Visitor: 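Below is the structure I would like to discuss, written out as structure tokens.
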There are 2 protein chains.
Amino acid sequence: MSPPTAPDRRARPLRADARRNYERLLTAAEAVFRERGTGASLEEVARRAGTAIGTLYGHFPTRQALLEALLRDRQQAVFDLGDRLLAQPGGTPEEARAALVEWITAVTGHAATYSGLAGALLGSLDDETSELHAACARMSAAGEALVREARAAGAVRPDVTASDVFALINSAAWLRGQVPRDQADRLLTVMLDGLRPR
Amino acid sequence: MSPPTAPDRRARPLRADARRNYERLLTAAEAVFRERGTGASLEEVARRAGTAIGTLYGHFPTRQALLEALLRDRQQAVFDLGDRLLAQPGGTPEEARAALVEWITAVTGHAATYSGLAGALLGSLDDETSELHAACARMSAAGEALVREARAAGAVRPDVTASDVFALINSAAWLRGQVPRDQADRLLTVMLDGLRPR
DNA sequence: CACGATATCGAGGACCCCTCGACATAGGAA
DNA sequence: TTCCTATGTCGAGGGGTCCTCGATATCGTG
């Protein structure tokens with residue numbers, strides 16, 4: 001059943017030129033996506049990296065694969081935050097709410113890294129084929145645990161689900177790409193208040 | 001200063017074939033935008049209307065002009081609702097809040113007509129060159145009056161502006177294009193609750 | 001019915017997506 | 001060191017979209 005050479009989970013190291021191009025592509029993509037959003041031209045990315053378009057596709061078969069590689073470190077930081085928040089006490093309503101608010105704020109910031117990212121993330125949640133799916137699922141799971149604690153402590157309205165919170169986060173992040181920062185922050189506060197029990 | 005033939009505000013009637021194509025293009029655009037969102041291919045629209053692409057551009061110089069024509073009736077209905085709500089009493093907090101909630105709900109539905117529309121509307125608010133600008137400004141103005149009344153009645157938090165409400169409406173509409181309808185509705189409720197004074 | 005004024009048409013230039021066969025080269029084996 | 005091949009890179013090319021504009025067709029009036 002398994003191929004002649006067992007498919008190593010850990011990829012063999014890239015050739016030196018490949019590693020170099022990989023890094024250049026990531027650097028270029030970071031700049032281009034920041035300027036033009038996640039829908040930006042991939043030919044522009046390759047051009048700015050000084051590689052041929054085929055090289056880009058060689059390293060990143062899809063736009064989402066590129067995005068995933070670009071976000072990897074940031075996503076790890078978000079996961080770490082989730083672990084940290086879940087390790088904290090969180091017994092009182094105040095604690096539980098503070099943890100959830102910190103989580104929502106952080107993930108909103110993450111999803112607002114590039115314009116267009118929020119939509120991609122939200123869309124990846126139930127698209128198993130997306131390279132972003134795993135990360136979304138993991139964020140969603142952490143959110144779920146925090147929502148459960150907050151609900152148990154009576155710190156959020158009982159009809160709100162983890163999936164609602166994830167959606168709300170992404171709509172707040174979308175807003176950050178559409179309106180001035182201070183306004184987006186104010187509206188995030190409004191949304192957070194809306195989460196309180198009535 | 002004015003051109004030889006004074007530029008009639010009311011356009012002269014279209015030629016019969018032109019009128020026919022205009023209608024066909026609108027019908028096709030309605031279908032295509034509904035299926036694929038406001039970013040859909042205009043060549044597809046022309047194709048489906050059975051006209052050449054140049055004919056489409058002849059009638060609608062920009063995508064937003066097409067969108068504006070497509071939305072005209074709906075937008076009128078929204079304006080009418082605004083007038084009606086403003087004509088109502090609205091003295092008590094309950095009345096003022098109910099009016100604002102009805103307005104927000106209606107505009108959210110409007111902005112969710114096609115996926116991508118919310119972003120276009122929000123972006124048109126401070127882009128005078130957009131064909132959607134006038135309608136946005138008018139909706140914004142109606143919202144402003146309703147927010148003012150609600151605030152005077154103590155029915156919304158005092159730090160929230162009309163522009164915030166317009167932004168919130170559009171983020172709720174954006175959500176409607178990303179998640180199931182019932183979830184979007186639930187989250188609109190959350191946002192509406194967030195608007196209450198603390 | 002003829003003749004503008006109005007519209008329509010669609011090729012074409014510029015850009016983008018993505019694939020794939022021809023070509024280059026890093027880096028281990030001899 | 002040299003050679004060989006797995007691993008990478010390249011970029012033309014097919015297919016798509018946007019938008020323009022000169023050639024062409026059609027409406028509707030005098």
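Order of the sequence lines fixes the chain letters, A, B, ..., with proteins taken first and strands second; residue numbering starts at 1 for each chain. Keep in mind the model is a prediction, meaning the values are calculated, not measured.
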Visitor: Would you indicate what A/Ala46 reaches in the nucleic acid, counting non-hydrogen atoms under 4.0 angstrom: base, sugar-phosphate, or nothing?
Guide: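 Answer is nothing: A/Ala46 stays at 4.0 Å or more from every strand.
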
Visitor: Side chains of A/Gln178 and B/Asn170 only: does a donor on one sit below 3.5 Å from an acceptor on the other?
Guide: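 No pair is found: no donor N or O on one side chain lies under 3.5 Å from an acceptor on the other.
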
Visitor: Using whole Å, what does the distance between atom C1' of nucleotide D/dC27 and atom CZ of B/Arg19 come to?
Guide: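 It works out to 15 Å between those atoms.
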
Visitor: Can you tell me the distance, in whole Å, between the CG atom of B/Asp17 and the C1' atom of D/dT24?
Guide: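 In whole Å, D/dT24 C1' lies 13 Å from B/Asp17 CG.
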
Visitor: Base, sugar-phosphate alone, or nothing: which one does B/Leu42 contact when heavy atoms must sit under 4.0 Å apart?
Guide: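 Sugar-phosphate only.
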
Visitor: For B/Ser41 and D/dC18, is the shortest distance between a side-chain N/O and OP1 or OP2 below 4.0 Å?
Guide: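 Checking B/Ser41 against D/dC18: at least one side-chain N or O falls below 4.0 Å of OP1 or OP2.
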
Visitor: Before you tell me yes or no, could you show the steps for B/Asp127 and B/Ser124 under side chain to side chain donor-acceptor pair (under 3.5 Å), namely the whole-Å CA-CA distance, both residues' side-chain angles and the distance that decides it to 0.1 Å?
Guide: CA-CA 5 Å; B/Asp127 172 10; B/Ser124 298; 5.7 Å; no

Visitor: Counting the atoms with a prime plus P, OP1 and OP2 as sugar-phosphate, which does A/Arg47 contact under 4.0 Å by heavy atoms, base, sugar-phosphate, or nothing?
Guide: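 Sugar-phosphate: the residue A/Arg47, judged by heavy atoms under 4.0 Å, touches backbone atoms but no base.
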
Visitor: What is the distance, to the nearest angstrom, from the CD atom on A/Glu23 to the P atom on D/dG8?
Guide: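 After rounding, the reported distance stands at 14 Å.
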
Visitor: Is there side-chain contact between A/Glu144 and A/Arg148, with at least one heavy-atom pair below 4.5 Å?
Guide: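 Yes, at least one pair of side-chain atoms sits under 4.5 Å.
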
Visitor: Please state how far atom CG in A/Leu66 lies from atom C1' in C/dC18, giving the value in whole angstrom units.
Guide: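 It works out to 14 Å between those atoms.
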
Visitor: For B/Arg15 and D/dT26, what is the distance between atoms CZ and C1' respectively, to the nearest whole Å?
Guide: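 Result: 5 Å.
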
Visitor: Please confirm whether any donor atom in the side chain of A/Glu43 sits under 3.5 Å from an acceptor in the base of C/dC18, or the reverse.
Guide: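 Donor-acceptor pair under 3.5 Å: yes.
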
Visitor: If the cut-off is 4.0 Å, is B/Asn21 near the phosphate of C/dT8, judged by side-chain N/O to OP1 or OP2?
Guide: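 Checking B/Asn21 against C/dT8: at least one side-chain N or O falls below 4.0 Å of OP1 or OP2.
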
Visitor: Could you tell me the separation between the CG atom of B/Leu56 and the P atom of C/dC9, rounded to a whole number of Å?
Guide: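 It works out to 11 Å between those atoms.
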
Visitor: Just to be sure I understand the rule, does A/Gly58 reach a base, reach only the sugar-phosphate, or reach nothing, if contact means heavy atoms closer than 4.0 Å?
Guide: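 Nothing, no nucleic acid heavy atom in range.
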
Visitor: How about B/Leu100 and B/Leu85: do any of their side-chain heavy atoms sit closer than 4.5 Å?
Guide: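 Not touching, per the 4.5 Å side-chain cut-off.
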
Visitor: Scan B/Ile53 against the nucleic acid and name what it touches under 4.0 Å (heavy atoms): base, sugar-phosphate only, or nothing.
Guide: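 Touches a base.
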
Visitor: Between A/Phe60 (CZ) and C/dC17 (P), how many Å, whole number?
Guide: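 Rounded to whole Å, this separation is 15 Å.
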
Visitor: With heavy atoms under 4.0 Å as the rule, sort A/Arg63 into base, sugar-phosphate or nothing.
Guide: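 Since only primed, P, OP1 and OP2 atoms lie under 4.0 Å of A/Arg63, the category is sugar-phosphate.
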
Visitor: Go nucleotide by nucleotide along DNA chain D from the 5' end; which of B/Arg20 and B/Tyr57 gets its closest nucleotide reached first?
Guide: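 Result: B/Tyr57.
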
Visitor: Please compare A/Gly39 and B/Ala52 by the position of their nearest nucleotide in DNA chain C and report the one closer to 5'.
Guide: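 Counting from the 5' end, the first nearest nucleotide belongs to B/Ala52.
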
Visitor: Can you tell me how the ring of A/Trp174 sits relative to the ring of B/Trp174, calling it parallel under 30°, perpendicular over 60° and tilted otherwise?
Guide: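 Ring orientation, 0 to 90° scale: parallel.
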
Visitor: Establish, with yes or no, whether the OP1 or OP2 oxygen of D/dG8 is under 4.0 angstrom from a side-chain nitrogen or oxygen of A/Thr55.
Guide: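 It does not, given that no N or O in the side chain of A/Thr55 lies less than 4.0 Å from OP1 or OP2 of D/dG8.
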
Visitor: Specify the separation, in whole Å, of atom CG of B/Leu14 and atom C1' of C/dT6.
Guide: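 To the nearest whole Å, that distance equals 10 Å.
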
